[in-house]
Amino acid sequence: MPVSVRLERRIRRDFPGPGSAAEIMRLLDELPGTAGYDVEHFAGERLQAAIVLLAEGSIRRFHESVGLALTDWRDLLVAAELDHESWPDRLQAELSH
């Protein structure tokens with residue numbers, strides 16, 4: 001599943017270097033196939049956004065966040081503060097800029 005329009009906007013803002021945003025989106029799109037478990041979770045905006053938010057515009061942190069997601073996606077949600085029931089509101093706030 002490709003990234004959502006609002007997440008793509010955030011990726012382009014956070015990763016403005018030539019080709020960076022396209023590479024981030026490609027890696028997120030491939031993630032469900034490489035996760036090995038919970039494919040549905042990795043195809044959704046919540047986990048994809050958690051990875052991007054934790055990366056804070058850093059390619060190195062992006063790869064670290066992917067590693068955390070592959071180890072335990074629940075830890076990723078906690079680290080990105082998307083683990084509580086109000087996560088849709090936080091996501092809306094983060095992706096609406």
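What you see below is based on every heavy atom in this structure, not just the backbone, and it leaves out hydrogens, waters and symmetry mates. Positions are given from 1 along the sequence.
Side-chain contact between D29 and V3 is absent, with no heavy atoms from C-beta onward closer than 4.5 Å. For the pair L53/L82, a side-chain contact is recorded, criterion being any heavy-atom separation below 4.5 Å from C-beta on. Contact check for L76 versus T71: no side-chain heavy atoms found under the 4.5 Å cut-off. You'll find the side chain of V52 reaches within 4.5 Å of the side chain of L7, heavy atoms only.
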>> Before you tell me yes or no, could you show the steps for L31 and L47 under side-chain contact (heavy atoms from CB on, under 4.5 Å), namely the whole-Å CA-CA distance, both residues' side-chain angles and the distance that decides it to 0.1 Å?
In response: CA-CA 10 Å; L31 190 57; L47 283 177; over 6 Å; no

>> side-chain contact (heavy atoms from CB on, under 4.5 Å), that's the test. Do E45 and L95 meet it? Break it down for me.
In response: CA-CA 11 Å; E45 183 184 49; L95 301 181; 3.7 Å; yes

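Counting only distance, with no hydrogens or angles, the side chain of R90 and the backbone of A80 share a donor-acceptor pair below 3.5 Å. The backbone N or O of P16 sits nowhere less than 3.5 Å from a side-chain atom of S20 that would complete a donor-acceptor pair.
With rounding to the nearest 0.5 Å, the separation of CZ in R6 from CD in E94 is 10.5 Å. Atom CD of residue E81 and atom CG of residue L54 lie 9.0 Å apart, to the nearest 0.5 angstrom. Between atom CD1 of residue I24 and atom CZ of residue R10 there is a gap of 13.0 Å, rounded to the nearest 0.5 Å. The line from CG of L77 to CH2 of W87 is 9.0 Å long, rounded to the nearest 0.5 Å. E23 contributes atom CD, which lies 10.0 Å from atom CG of L28 (distance to the nearest 0.5 angstrom). For the atom pair L91 CG and S86 OG, the distance stands at 11.0 Å (nearest 0.5 Å).
The hydrophobic cluster containing I11 also contains I59, counting ILVMFWY residues as joined when their side-chain heavy atoms lie under 4.5 angstrom apart, directly or transitively.
Residues R46 and D83 share a closest heavy-atom pair of NH2-CA, 3.7 Å.
Look at E64 and R61 and you find no salt bridge, because none of the NZ, NE, NH1 or NH2 atoms lies under 4.0 Å from a carboxylate O.
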